[in-house]
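This chain uses plain numbering: 1 for the first residue, then up along the sequence. Quick caveat: nothing in here was measured; it's all calculated off a predicted structure.
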Amino acid sequence: MQAPFHWLRVETFIYATEKEDLVTETFRTLAGTDEFRTDVSESEHGNQMLILQAMMSHKKEQEGVFSRLGEELARELYDGAEEKIDDDCVFYVRLDKQKAVCGVYSVAHHGDVISITGKVASNPARREVAVRNMRAFLSSLYPSLPQPEPADRS
């Protein structure tokens, strides 16, 4: 089986008011790697901030990220796959960074996040195919999730 994504990116910002080592370790744990890019930037208030970004192109790395999210969040992503994948077959989810620091991964509805973005492998490259492939990927990691309906061949 091919990698579920053509590319997968995990990214977060570390603001001047945050503990850099704590957020970096949280990011490292979720991404599953010590190999990530760190860029220095300036926040809208003029303070220095760091941008951490890890890119994954291999199946094992991509599976690792989603395996670390846990079954409860995977079920939420499975159920909401239509809302998380756009017409270009790009998957988006934003995780609550402060909860992640505490070891809990959940969808965020604010700006202080760890984002996971990836181009879902789908042939043909259509949103409905990407949604089905995303669900199949999550089902392969979490067997308690339902198998997606097969493609309609009519």
Side-chain angles (χ1 to χ4, degrees), residues 2-122 124-139 141-142 145:
Q2 70 178 14
F5 297 90
H6 294 293
W7 53 265
L8 184 72
R9 178 179 59 232
V10 180
E11 183 176 62
T12 196
F13 300 103
I14 303 176
Y15 300 101
T17 57
E18 296 178 311
K19 293 183 179 178
E20 181 181 334
D21 57 340
L22 186 60
V23 177
T24 299
E25 186 55 36
T26 300
F27 180 83
R28 182 180 286 120
T29 298
L30 176 61
T33 184
D34 289 329
E35 297 179 21
F36 53 86
R37 200 169 94 198
T38 303
D39 293 319
V40 178
S41 188
E42 189 175 293
S43 74
E44 62 186 66
H45 301 293
N47 297 323
Q48 178 179 302
M49 68 178 192
L50 299 177
I51 304 168
L52 307 183
Q53 184 181 92
M55 294 294 291
M56 290 94 178
S57 57
H58 297 97
K59 179 182 177 188
K60 187 175 179 179
E61 299 166 323
Q62 296 169 2
E63 288 175 340
V65 171
F66 284 86
S67 293
R68 286 183 281 282
L69 294 180
E71 187 168 347
E72 185 177 329
L73 181 53
R75 182 171 300 281
E76 187 177 341
L77 297 176
Y78 182 100
D79 292 341
E82 290 94 352
E83 292 82 39
K84 300 285 183 205
I85 297 173
D86 68 15
D87 289 338
D88 292 323
C89 303
V90 176
F91 167 84
Y92 300 92
V93 68
R94 296 160 33 110
L95 305 177
D96 186 306
K97 183 170 51 172
Q98 298 310 313
K99 288 182 180 178
V101 165
C102 298
V104 176
Y105 298 118
S106 65
V107 174
H109 302 285
H110 53 75
D112 194 18
V113 301
I114 299 173
S115 64
I116 301 174
T117 309
K119 177 80 169 179
V120 180
S122 55
R126 292 195 324 252
R127 184 171 176 262
E128 61 272 10
V129 176
V131 168
R132 190 172 51 253
N133 288 352
M134 183 69 187
R135 287 181 171 151
F137 166 61
L138 292 169
S139 293
L141 295 176
Y142 299 97
L145 294 177

Checklist entry - Going from CZ on Arg94 to CD on Glu11, what distance comes out if it is rounded to the nearest 0.5 angstrom? => result 11.0 Å
Checklist entry - Under 3.5 Å, side chain of Asn133 to main-chain N/O of Ala121, donor-acceptor pair present? => result yes
Item to check | Asp88 to Lys119 - nearest heavy-atom pair and separation | outcome: O-NZ, 2.5 Å
Checklist outcome for this item: Note: His6 and Ser122 closest approach over all heavy atoms is NE2-N, 4.3 Å
Checklist entry - Above 12 or not: heavy atoms from other molecules or residues under 6.0 Å from NZ of Lys99? => result no
Checklist entry - Should we say atom CD of Glu83 is surrounded by more than 12 heavy atoms from elsewhere, each under 6.0 Å from it? => result yes
Checklist entry - Going by an N to O cut-off under 4.0 Å, is there a salt bridge joining Arg127 and Asp86? => result no
Next on the checklist: Before you tell me yes or no, could you show the steps for Arg28 and Glu25 under salt bridge (charged side-chain N to carboxylate O under 4.0 Å, His left out), namely the whole-Å CA-CA distance, both residues' side-chain angles and the distance that decides it to 0.1 Å?
Outcome noted: CA-CA 5 Å; Arg28 182 180 286 120; Glu25 186 55 36; 3.0 Å; yes
Item to check | Chi angles and distances behind the side chain to side chain contact (heavy atoms under 4.5 Å, CB included) call for Thr12, Val113 | outcome: CA-CA 6 Å; Thr12 196; Val113 301; over 6 Å; no
Item to check | Gap between atom CG of Leu73 and atom CZ of Arg68 - 0.5 Å precision | outcome: 13.5 Å
Next on the checklist: Can you pull out every salt bridge (charged side-chain N to carboxylate O under 4.0 Å, His left out) where at least one residue sits in residues 102-111? Sequence neighbours excluded, please.
Outcome noted: none
Next on the checklist: Quick one about Asp112 and Gln98 (side-chain donor to acceptor, distance below 3.5 Å, no hydrogens or angles considered), yes or no?
Outcome noted: yes
Item to check | Test side chain to side chain donor-acceptor pair (under 3.5 Å) applied to Arg135 - qualifying residues, sequence neighbours left out | outcome: Glu82
Checklist outcome for this item: One should read off an interatomic distance between Ser43 OG and Gln48 CD, to the nearest 0.5 angstrom, of 9.5 Å
Checklist entry - Atom CD1 in Ile14, atom CE in Met49: separation rounded to 0.5 Å? => result 10.5 Å
Next on the checklist: If you take the centroid of each ring, where Trp contributes its six-membered ring, are Phe91 and Phe137 closer together than 6.0 Å?
Outcome noted: no
Item to check | Shortest non-hydrogen contact between Ile116 and Phe66, atoms and distance | outcome: CG2-CZ, 4.2 Å
Item to check | Rounded distance [0.5 Å steps], CG in Leu50 versus OH in Tyr15 | outcome: 11.0 Å
Checklist entry - How about Asp39 and Gln53: do any of their side-chain heavy atoms sit closer than 4.5 Å? => result no
Item to check | 4.5 Å side-chain heavy-atom contact, Lys84 and Val107 | outcome: yes
Checklist outcome for this item: Quick note, salt bridge (charged side-chain N to carboxylate O under 4.0 Å, His left out) partners involving residues 14-24, not counting sequence neighbours, are Glu18-Lys97
Checklist outcome for this item: Minimal heavy-atom distance between Ser41 and Ile51, with the atoms involved, is CB-CD1, 3.9 Å
Checklist outcome for this item: Closest non-hydrogen contact found for Ala54 with Ala31 is CB-CB, 4.0 Å
Checklist entry - Heavy-atom distance under 4.5 Å between the side chains of Lys59 and Pro4, does that happen here? => result yes
Checklist entry - Any side-chain heavy-atom pair from Leu77 and Leu69 closer than 4.5 angstrom? => result yes
Item to check | Steps toward side chain to side chain contact (heavy atoms under 4.5 Å, CB included) verdict (Glu61, Phe5) | outcome: CA-CA 10 Å; Glu61 299 166 323; Phe5 297 90; over 6 Å; no
Checklist entry - Can we say Glu72 and Arg75 salt-bridge, meaning some charged N sits less than 4.0 Å from an Asp/Glu carboxylate O? => result no
Next on the checklist: Quick check: do Ile114 and Thr26 have side-chain heavy atoms less than 4.5 Å from each other?
Outcome noted: yes
Checklist entry - Do Leu95 and Leu30 touch side chain to side chain, with heavy atoms closer than 4.5 Å? => result yes
Item to check | Non-hydrogen atoms of Ser139 and Tyr78 that approach each other most closely | outcome: OG-CE1, 3.5 Å
Item to check | Within-4.5 Å side-chain heavy-atom neighbours: Val90 and Ile85 | outcome: no
